[in-house]
Amino acid sequence: MISSPRGLLLIGALTLLVGLVVLFPARVAYHWAAPEGVEARGIQGSIWRGSADAVGASGVYLRDVHWSARPWHVLTGRMVYRVEANPVAGFLEGDLFVAMGRSVSIIGNDVRSSLPLDLFESSLGIRGLQGNASLQLEHVELRDGVPVRLDGVIEVADLVIAPLNRGTIGGYRAEFFTTDDGISGSIEDTDGLVDIAGSLTLRSDRSYQFIAKVMAKPNTPTAVRNQMRLLPPANERGQQELRIEGSL
């Protein structure tokens, strides 16, 4: 039993400190340390457990965002949160944390999501982008909005790219994995209107390269066939090469 004034004062100070940390308001933390370009409204609760009515970044907005800290990760020097959110349609959940430094990194593990692609229409700069994306990612890391680590599967259903075709061009599947020099992925159609098998490489210098063999199917729309005429001549199997290169 502690009976000395100094001991009681120490216990009281520690209790107060723990209380301040546990109950530290999330809205105060947001105003102190929010990354540039991230907007949040209706913040409630603490940095350990709380919610926000809406969170937006890079033209993507989520509603009904809830978080709860994973306390055991504090021992590793990280504040990891279980996050659940609702876009206009679908869901998003996973273990996420933000690493601050010269650049801002959003790192996630066990991320599952179902999202409408029109959420990314403005951020990707693709007019008339529609469809539904299903994500099952073991690991993902975004550094200043650019993927630097990606391991998992992304499936897209009912893809619509208006400049290419007004209607859906079907479904596609991409499997990604992280390499020493960036991210690599294989892409294929599942029920697409174009037969496609390709690879995507995103290097650490932010350059990317997409190379695929594509071939029209009996039900490929005329508008898409006309676009394919711009590609190099077909090989002996009737496949044409599609190559897209650039830098993010």
**Request:** Taking atom CD of Glu241 as the centre, report whether more than 12 heavy atoms of other residues, nucleotides or ligands fall under 6.0 Å from it.
**Result:** yes
**Prompt:** Does Arg225 CZ have over 12 foreign heavy atoms under 6.0 Å away?
**Reply:** yes
**Request:** Consider only side-chain heavy atoms of I, L, V, M, F, W and Y, link residues closer than 4.5 Å, and tell whether Met228 and Leu193 are in one cluster.
**Result:**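 Per the 4.5 Å side-chain linkage, Met228 and Leu193 are not co-clustered.
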Partners meeting salt bridge (Lys or Arg N to Asp or Glu O under 4.0 Å) with [X] (sequence neighbours left out):
| X | answer |
| --- | --- |
| Glu84 | none |
| Asp64 | none |
| Asp110 | Arg82 |
| Glu236 | none |

**Item:** Set of side chain to side chain donor-acceptor pair (under 3.5 Å) partners for Asn132, sequence neighbours left out
**Value:**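 Scan of Asn132 (side chain to side chain donor-acceptor pair (under 3.5 Å), adjacent residues dropped) gives none.
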**Prompt:** Is a side-chain donor-acceptor pair under 3.5 Å present for His139 with Asn109?
**Reply:**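 Their side chains do contain a donor-acceptor pair, which is all the 3.5 Å distance test asks for.
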**Prompt:** Per the side-chain contact (heavy atoms from CB on, under 4.5 Å) rule, which among Ile169, Leu242, Val214 passes with Val194?
**Reply:** Val214
**Request:** Sort and list the pairs that fulfil salt bridge (charged side-chain N to carboxylate O under 4.0 Å, His left out) and have at least one residue in residues 180-189, not counting sequence neighbours.
**Result:**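 For residues 180-189: Asp189-Lys217.
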**Asked** Under 4.5 Å between any side-chain heavy atoms of Leu129 and Asp118, yes or no?
**Response**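 Heavy-atom side-chain distance check fails, nothing below 4.5 Å.
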**Minimum-distance pair of heavy atoms, taken over all atoms of Ser184 and Thr179** =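 That would be OG-CG2, 3.7 Å.
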